[in-house]
Amino acid sequence: VSFDKFDRPYQIPLWNGLNRRFGNHNTAMHEYFAGDSCKTVPRHLSSNQAGIQCDILHGSSLCPTDNIDLVENSPCGVILTSTAMNELNDRAVYFGRHAQWRKLRERGCISNIVCFEED
């Protein structure tokens, strides 16, 4: 499942390609919800009492709560990724004073954190 604005021309063709490659013939393996993830994630979670049953989650860099919402409504062992930011101490996503990853780490919701840097 992906929650994204889907405002880039390559995104829908990418999802269609993933479904052709990895989905089965009767249902789509990968769903997406286009729009502001600050709204679409809570809406999806409130209508889906079972939570999110995914192996990999990708949170937005624009919403101050979607990483937290996704992780707290997923089974243990899920992998969380987030959109690249300018720095790891940003205020919203990673490890700034009130950032989502910092809160999740402090609550014991995420561990084994690995950061990658582009060349």
Which heavy-atom pair separates I68 from Q100 by the least distance, and what is that distance?
N-OE1, 3.4 Å

Could you measure the distance from the CG atom of N67 to the CD1 atom of I110? Nearest 0.5 Å is fine.
8.0 Å

Restricting to side-chain contact (heavy atoms from CB on, under 4.5 Å), what partner residues turn up for [X], sequence neighbours left out?
X   : value
V78 : L57, S74
R8  : Y10, Q11
I12 : F6, N16, Y32
T40 : F3, F33, S37, R43

Just one of N73, L70, D36, T65 clears the side chain to side chain contact (heavy atoms under 4.5 Å, CB included) bar with V41, so which one?
L70

Residues that R107 engages under salt bridge (charged side-chain N to carboxylate O under 4.0 Å, His left out), provided they are two or more places apart
E72

